[in-house]
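Input: a single structure, listed below in structure tokens.
Throughout, residue positions are numbered sequentially from 1 according to the sequence presented.
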Amino acid sequence: MATTKTKKEIAAKDLETDTTTVEQLTYYRILAPLEVKSLLSHLNSDEKKSIALDFKKSKNEDLEPLCHTLIEGVDKQQKHFTEAAEKKESMPYKVDFVNMQKEAFNLFEKMIHVHGIPDDGIRLPVKGAKSDQLNEVVYMNSESTLVTYQIIETEKGFKVVIEDSLTLNFDRRKKYGLFHLQKVKSLGSYMKCLQLINYYIQRNKFPFQSLQLSGGTLNLKGHLEEIEEEIESYKELIDICTQIGISEDYIFDDKEDLPSLFNAIINIFKNKQYSLLNISQEKLKKTEIINIGLSNYVKLALVYADGCFLNLYSEEALKIMDRPSSITDVASNQGQDTVKSVMLPHNRENYDQKVSIFASRKIEEMVKDINFDFDIVKLSFADEHHDIQADLTITSSLGYIDFYDKTLDENYLELALDLNQRYLTKYPQDDIAKVNVYLIKLKQDHELSEDEQNDLYNIQARAEMNNEQTICFACEVLLKNKTKAKRIFATLPGEEKEEIMEFPIYRFYQNLE
């Protein structure tokens with residue numbers, strides 16, 4: 001630290017004075033580059049002039065190992081390696097504990113150094129941190145799995161919480177530990193925990209490299225002895241859930257009756273007991289889009305085709321829906337059997353346009369499906385699945401602009417922009433699509449160019465000739481002439497006022513200063 005030049009100084013605290021001995025005492029603090037960088041960053045962020053450091057008292061025999069630890073850390077954390085790590089967007093990580101001595105090591109007082117391991121295998125230092133929450137890739141049954149765990153100090157020892165589901169409580173004095181496996185939060189996390197327990201049963205240790213839990217006794221009771229059978233049953237459940245779109249990462253509601261839900265999934269989608277859905281057999285004789293409520297918390301949108309159910313938000317479903325066939329949209333929610341009318345063609349063989357299967361579905365309703373996937377919705381509007389010149393293109397885009405206003409999720413605004421721009425390639429003179437594009441650009445904080453403003457004046461002139469006052473109103477809004485827009489709005493008939501108030505342009509108008 002003496003060679004580090006900075007306008008701010010680093011002060012030390014807790015240096016003891018031992019009045020009972022005349023021998024010289026030694027205190028140390030390992031300050032490798034990552035920790036120095038962290039300290040300076042902390043100073044800058046808090047705008048402080050100094051920072052307090054804790055120093056540890058060492059024994060004479062510790063000096064040489066400490067020097068080796070410092071040299072090793074400095075060697076691993078060379079400046080060009082650190083700079084290279086900052087440029088990497090993502091990579092697997094490895095954790096090193098600093099000065100890990102078998103007898104005196106305290107997991108909660110020690111620093112860890114996180115290193116990135118990119119494809120070329122060179123260790124890139126990323127950061128120094130306290131070891132409270134870690135991610136580690138472990139190997140079980142010849143497969144790699146990313147596991148997240150948190151280490152929490154307790155009065156008697158410490159506990160490790162793995163994947164927010166498996167808790168290992170350790171008594172430091174008794175060298176004794178207990179498992180506690182909580183109810184399923186997500187299928188993926190629960191499966192990892194089952195596999196970790198099974199690994200321990202077979203090898204009397206866990207597969208972690210950075211957390212060595214050995215030398216004590218872990219009490220395995222009850223159903224954990226039948227762990228392999230349970231693993232197989234959950235593998236089957238995960239496969240079925242994947243088919244219908246329930247992700248391994250989906251976190252179930254705390255109030256969910258999981259045994260009933262899982263039994264329903266197996267009975268309906270594996271054993272094909274479709275009578276449990278209260279859907280008439282007549283409706284299952286052709287391709288259907290079906291909304292299913294498996295519980296108060298789990299609602300899915302599925303496709304019934306070729307005798308089975310598939311996730312509606314999947315590429316396979318898009319291909320099925322591209323077939324020339326009769327497609328309807330059915331809603332089912334346990335005790336209900338209601339058919340909703342939708343804007344989908346009933347005879348595609350007589351219909352010369354392909355339309356996205358999501359074009360007529362409200363995005364506010366779609367996001368309530370736990371299998372909802374925005375990327376699939378976006379893909380459904382690609383040329384392969386959707387003719388951009390279809391009338392529903394513009395209608396759908398307005399729904400996505402509206403949903404952006406409610407969520408501020410840029411993905412929906414970008415999809416709406418893409419739909420309108422592609423529509424304009426087919427119909428370059430369409431004024432409504434142009435108005436939508438300019439509205440989206442303003443929402444994206446772009447200022448309209450002089451040419452774009454002149455285009456709006458031209459659109460407005462044409463609208464005035466055709467007595468299209470709603471378009472005149474929209475143009476004044478986009479030109480940010482709120483007073484003129486207000487005067488035009490006041491002249492609109494009541495029905496037109498109510499209609500335009502439902503569009504995104506009206507909300508933009510309301511927010512004008």
Side-chain angles (χ1 to χ4, degrees), residues 318 321-322 327 342-345 348 351-366 373-407 409-449 451-466 468-479 496 499-500 502-509:
L318 295 185
M321 301 303 260
D322 284 340
I327 300 174
V342 294
M343 298 173 68
L344 282 176
R348 282 205 173 182
Y351 192 72
D352 59 358
Q353 287 183 328
K354 293 184 296 184
V355 179
S356 163
I357 59 177
F358 304 109
S360 63
R361 299 172 72 86
K362 292 183 177 181
I363 184 63
E364 291 88 346
E365 295 302 317
M366 288 194 285
D373 188 332
F374 172 78
D375 290 333
I376 294 298
V377 173
K378 182 178 178 180
L379 179 61
S380 75
F381 286 99
D383 292 337
E384 180 184 357
H385 306 291
H386 178 82
D387 289 324
I388 199 64
Q389 63 266 36
D391 292 339
L392 280 174
T393 298
I394 299 301
T395 305
S396 299
S397 75
L398 291 175
Y400 297 126
I401 298 173
D402 185 59
F403 197 65
Y404 163 77
D405 288 342
K406 297 175 182 177
T407 63
D409 188 331
E410 294 282 348
N411 287 318
Y412 297 100
L413 202 57
E414 291 169 3
L415 175 56
L417 179 62
D418 176 68
L419 292 176
N420 281 279
Q421 288 178 331
R422 287 165 56 206
Y423 189 84
L424 282 171
T425 62
K426 297 291 184 179
Y427 304 109
Q429 302 304 317
D430 189 275
D431 289 339
I432 293 178
K434 288 182 180 180
V435 165
N436 290 339
V437 168
Y438 293 142
L439 174 61
I440 293 169
K441 287 186 175 182
L442 289 173
K443 287 180 177 289
Q444 293 176 327
D445 295 326
H446 296 307
E447 291 295 329
L448 298 183
S449 67
D451 288 343
E452 290 171 332
Q453 292 180 49
N454 286 332
D455 191 27
L456 280 172
Y457 284 119
N458 292 332
I459 293 172
Q460 188 177 36
R462 289 193 295 271
E464 288 174 348
M465 290 178 59
N466 297 324
E468 296 174 325
Q469 290 298 97
T470 55
I471 294 182
C472 292
F473 168 79
C475 290
E476 293 293 359
V477 171
L478 296 175
L479 291 167
E496 288 189 28
E499 182 180 7
I500 203 168
E502 297 297 320
F503 291 119
I505 191 72
Y506 184 78
R507 280 181 292 279
F508 191 80
Y509 157 72

query = Would you call Arg422 and Asp383 a salt bridge, taking side-chain N to carboxylate O under 4.0 Å as the test?
reply = yes

ask   = Ignoring hydrogens and geometry, is there a side-chain-to-backbone donor-acceptor pair from Ser397 to Ile394 under 3.5 Å?
value = yes

Ile459 CD1 to Glu464 CD distance, which is reported to the nearest 0.5 Å = 12.5 Å

query = Looking at Glu414 and Gln444, what are the two nearest heavy atoms and their distance?
reply = CG-NE2, 4.2 Å

inquiry  = Any heavy-atom pair between the side chains of Ile440 and Tyr404 that's under 4.5 Å?
reply    = no

key: Candidate pair Arg462 and Glu468, rule side chain to side chain contact (heavy atoms under 4.5 Å, CB included), full reasoning   = CA-CA 8 Å; Arg462 289 193 295 271; Glu468 296 174 325; over 6 Å; no

key: Gap between atom CG of Leu439 and atom CZ of Phe503 - 0.5 Å precision   = 12.0 Å

query = Is the closest side-chain heavy-atom distance between Val437 and Leu417 below 4.5 Å?
reply = yes

Enumerate donor-acceptor pairs with a distance under 3.5 Å from any side-chain N or O in residues 469-476 to protein atoms, sequence neighbours excluded.
unit_1, atom_1, unit_2, atom_2, d
Glu476, OE1, Asn481, ND2, 2.9
Glu476, OE2, Gln460, NE2, 2.7

query = To the nearest 0.5 Å, how far apart are CG in Asn436 and CD in Gln421?
reply = 11.0 Å

query = Excluding sequence neighbours, so at least two apart, what forms ring pair (Phe, Tyr, Trp, His ring centres under 6.0 Å) with Phe508?
reply = none

note = Residues at least two apart in sequence or cross-chain that pass ring pair (Phe, Tyr, Trp, His ring centres under 6.0 Å) with Tyr423, listed by chain then number, are Tyr427

ask   = Crowded around Asp391 CG? As in, over 12 foreign heavy atoms under 6.0 Å?
value = no

ask   = Are the side chains of Leu318 and Phe358 in touch, meaning some heavy atoms are under 4.5 Å apart?
value = yes

request  = Flag yes if more than 12 heavy atoms outside Leu448 fall under 6.0 Å of its CG atom; otherwise flag no.
outcome  = yes

inquiry  = Taking the side chain as everything from C-beta on, heavy atoms only, tell me whether Tyr400 gets closer than 4.5 Å to Val377.
reply    = yes

remark   = Taking every heavy atom of Ile388 against every heavy atom of Leu419, the minimum-distance pair comes out as CD1-O, 3.9 Å

ask   = Would a distance-only check, ignoring hydrogens and angles, find a side-chain to backbone donor-acceptor pair under 3.5 Å from Glu452 to Ser449?
value = yes

query = Is the side chain of Asp373 donor-acceptor paired with the backbone N or O of Asp375 at a distance under 3.5 Å, no angle test?
reply = yes

request  = Report the distance from atom CD of Gln429 to atom CG of Leu424, rounding to the nearest 0.5 Å.
outcome  = 9.0 Å

inquiry  = Applying side chain to side chain contact (heavy atoms under 4.5 Å, CB included) to Glu364 and Asp402, what does each step give before you reach the verdict?
reply    = CA-CA 10 Å; Glu364 291 88 346; Asp402 185 59; 3.4 Å; yes

query = Any side-chain heavy-atom pair from Ile401 and Lys443 closer than 4.5 angstrom?
reply = yes

key: Tyr509 ring center within less than 6.0 Å of Tyr506 ring center   = yes

Within-4.5 Å side-chain heavy-atom neighbours: His386 and Thr393 = yes

key: Presence of salt bridge, Lys434 and Asp430, under 4.0 angstrom   = no

Check: Ser356 main-chain N/O paired with Ser380 side-chain donor or acceptor under 3.5 Å = no

ask   = Does the ring centre of Phe374 sit less than 6.0 Å away from the ring centre of Tyr412?
value = yes

task = Assess whether side chain to side chain contact (heavy atoms under 4.5 Å, CB included) is satisfied between Tyr438 and Asp455, documenting all intermediate values.
result = CA-CA 10 Å; Tyr438 293 142; Asp455 191 27; 2.6 Å; yes

